[in-house]
Amino acid sequence: MSQDTEQQDHISKKTAVYRIPGMDTVEVRRDVEYHATETGARTLDIYYPHGSKRAARLPAVVFVAGFPDAGFEARVGCKFKEMGSTVSWARLTAASGMAALTYTNREPATDIHALLEYVRANADALGIDETRLGVWASSGNVPLALSLLMQKDNAYLKCAVLCYGYMLDLEGAEGVAGASRMFGFANPCAGRSMDELSTDLPLFIARAGQDALPRLNETLDGFLSEALARNLPLTFVNHPTAPHAFDLFDDTETSRALVRQILAFMQFHLLEVI
């Protein structure tokens, strides 16, 4: 395998297997400072549909980063917001009519709140509708996203997409806690329960049937069972033959259809339901 091919196949370079018109012409406002600290500024990239007017505030999707950038960069070679997967999903979202927010962090569980506070306080200047935000998370980023769904006064959150992710440790389980220690992602939901989740916030959950990460599907399956028992507003898709991160590694029509379904879910809850 050539060096160029190896670089293209590196996880940091992998992009979504689905493309739509307008992805390459979205407008990107880069490195907006959302939080200044003694350890350095945290910054935000905002992806807008091509030709969008800042005066017309857009709903936005936050791509949740559950790994500290320092550890993530040491493992992968770049920050979360620079990943090919993050960039391609942000472009897909913007080309679908919504703004997309990606960001740097140092302390995931606190920086996400600083980000949301900044975006909501500066919505007019950013061209974002602070009353219509969604979250998108995958893999080890999901526990941090779930913690947002447990916060009080989160009516501005209109939907959440959770893809092939570690969920909650229920009834004394330790699958998420163990994975958090192994991989280094934040687990602010430790010790919390399903009863703390918002009961009216629509969820989209995607499962990879051939996921090989330790105990991941065990946590996901338990979450699904409890969510159904509570009659939560849930859209669930199981991709039975797919590996972890199928949106990047499984270039099949089934995976592309699932990406389309996720985009349609976000459009419905952020663009059509006002």
Side-chain angles (χ1 to χ4, degrees), residues 4-20 22-24 26 28 30-31 43-48 60-96 98-105 108 112 115 134-145 160-166 179 183-186 204-208 210-213 216 220 237 239 242-266:
D4 287 344
T5 301
E6 289 178 353
Q7 290 177 345
Q8 291 172 359
D9 287 341
H10 191 270
I11 181 60
S12 65
K13 304 297 183 183
K14 298 297 289 186
T15 59
V17 297
Y18 180 62
R19 293 184 57 82
I20 58 176
M23 285 181 65
D24 296 330
V26 303
V28 187
R30 300 188 187 280
D31 296 324
T43 61
L44 164 71
D45 289 353
I46 310 174
Y47 294 72
Y48 300 97
V61 177
V62 180
F63 286 81
V64 176
F67 295 81
D69 269 339
F72 191 84
E73 194 166 5
R75 285 174 177 265
V76 178
C78 68
K79 295 178 175 62
F80 175 78
K81 79 180 181 78
E82 299 166 352
M83 290 280 288
S85 56
T86 306
V87 171
S88 61
W89 266 103
R91 287 184 173 276
L92 281 167
T93 300
S96 298
M98 302 158 282
L101 312 179
T102 66
Y103 61 99
T104 64
N105 75 67
I112 185 63
L115 171 76
V135 297
W136 190 105
S138 65
S139 193
N141 303 300
V142 169
L144 180 56
V161 174
L162 310 173
C163 292
Y164 45 85
Y166 284 101
F183 299 119
F185 59 79
F204 188 109
I205 297 179
R207 180 183 186 273
Q210 302 303 312
D211 204 311
L213 289 190
L216 188 149
L220 194 155
V237 177
H239 191 341
H244 191 74
F246 58 80
D247 54 320
L248 310 178
F249 292 100
D250 186 58
D251 191 5
T252 64
E253 183 53 38
T254 301
S255 291
R256 290 189 288 273
L258 214 164
V259 174
R260 285 196 298 271
Q261 191 172 352
I262 290 171
L263 293 171
F265 173 87
M266 296 192 300

Colleague: Once you round to the nearest 0.5 Å, how far does CG of Leu248 lie from OG of Ser138?
Modeller: 7.5 Å

Colleague: State plainly whether the residues Lys14 and Asp251 are in salt-bridge range, i.e. N to O under 4.0 Å.
Modeller: no

Colleague: side-chain contact (heavy atoms from CB on, under 4.5 Å) for Val135 and Val161? Distances and angles first, verdict last.
Modeller: CA-CA 6 Å; Val135 297; Val161 174; over 6 Å; no

Colleague: Please verify the inter-ring angle class for Tyr164 with Phe246; under 30° counts as parallel, over 60° as perpendicular, anything in between as tilted.
Modeller: perpendicular

Colleague: Could you report the tightest heavy-atom contact between Leu263 and Met98, atom names first, then the distance?
Modeller: O-CE, 4.4 Å

Colleague: Begin from the C-alpha positions of Val28 and Arg91 and carry the test side-chain contact (heavy atoms from CB on, under 4.5 Å) through to its verdict.
Modeller: CA-CA 9 Å; Val28 187; Arg91 287 184 173 276; 4.2 Å; yes

Colleague: Just by distance, with hydrogens left out, do His239 and Thr254 show a side-chain donor and acceptor under 3.5 Å apart?
Modeller: no

Colleague: I'd like to check Val142 versus Phe185 (side-chain heavy atoms, cut-off strictly below 4.5 Å). Are they in contact?
Modeller: no

Colleague: With a 4.5 Å heavy-atom cut-off, do Ile112 and Asn105 have their side chains touching?
Modeller: no

Colleague: Could you grab the distance from atom CH2 of Trp89 to atom OH of Tyr18, nearest 0.5 Å is fine?
Modeller: 10.0 Å

Colleague: Quick one: pull up CD in Gln261 and CZ in Arg256 and give me the separation to the nearest 0.5 Å.
Modeller: 15.0 Å

Colleague: Using every non-hydrogen atom in the two residues, find where Ile20 and Ala95 come nearest and quote the distance to one decimal.
Modeller: CD1-CB, 3.6 Å

Colleague: To the nearest 0.5 Å, tell me how far Phe265 CZ sits from Leu258 CG.
Modeller: 12.5 Å

Colleague: side-chain contact (heavy atoms from CB on, under 4.5 Å) between Tyr47 and Thr93: does it pass, once the steps are laid out?
Modeller: CA-CA 8 Å; Tyr47 294 72; Thr93 300; over 6 Å; no

Colleague: With a 4.5 Å heavy-atom cut-off, do Ile262 and Val259 have their side chains touching?
Modeller: no

Colleague: Between Asp211 (side chain) and Pro243 (backbone), is there a donor-acceptor pair under 3.5 Å?
Modeller: no

Colleague: Give the minimum heavy-atom separation between Ala137 and Val64, together with the two atoms involved.
Modeller: CB-CB, 4.1 Å

Colleague: Do Asp45 and Val87 come within less than 4.5 Å of each other through their side chains, counting heavy atoms only?
Modeller: no

Colleague: Please give me the minimum heavy-atom distance between Ser88 and Ala16, naming the atom from each residue.
Modeller: OG-N, 3.0 Å

Colleague: What's the separation between atom CD1 in Ile205 and atom CG in Leu220, rounded to the nearest 0.5 Å?
Modeller: 6.0 Å

Colleague: Do Arg19 and Asp24 meet the salt-bridge criterion of a basic N to acidic O distance under 4.0 Å?
Modeller: yes

Colleague: Closest approach of Pro108 and Leu144, non-hydrogen atoms and distance?
Modeller: O-CD2, 3.6 Å

Colleague: Does the plane of the ring in Phe63 sit parallel, tilted or perpendicular to the ring in Trp136? Use 30° and 60° as the thresholds.
Modeller: tilted

Colleague: Would a line drawn from the ring center of Phe67 to the ring center of Phe80 be shorter than 6.0 Å?
Modeller: no

Colleague: Indicate yes or no: at least one non-hydrogen side-chain atom of Tyr166 is less than 4.5 angstrom from one of Leu216.
Modeller: yes

Colleague: Kindly say whether Ala65 contributes a backbone atom to a donor-acceptor pair with the side chain of Asn141 at under 3.5 angstrom?
Modeller: no

Colleague: Shortest non-hydrogen contact from Val17 to Phe249?
Modeller: CG1-N, 4.5 Å

Colleague: Any side-chain heavy atom of Thr86 within less than 4.5 Å of one from Lys79?
Modeller: no

Colleague: Let me confirm one number: the CE-OG1 distance from Met83 to Thr15, rounded to the nearest 0.5 Å.
Modeller: 11.0 Å

Colleague: Between Glu82 and Ser12, does a side-chain contact (heavy atoms from CB on, under 4.5 Å) hold up when you go through it step by step?
Modeller: CA-CA 8 Å; Glu82 299 166 352; Ser12 65; over 6 Å; no

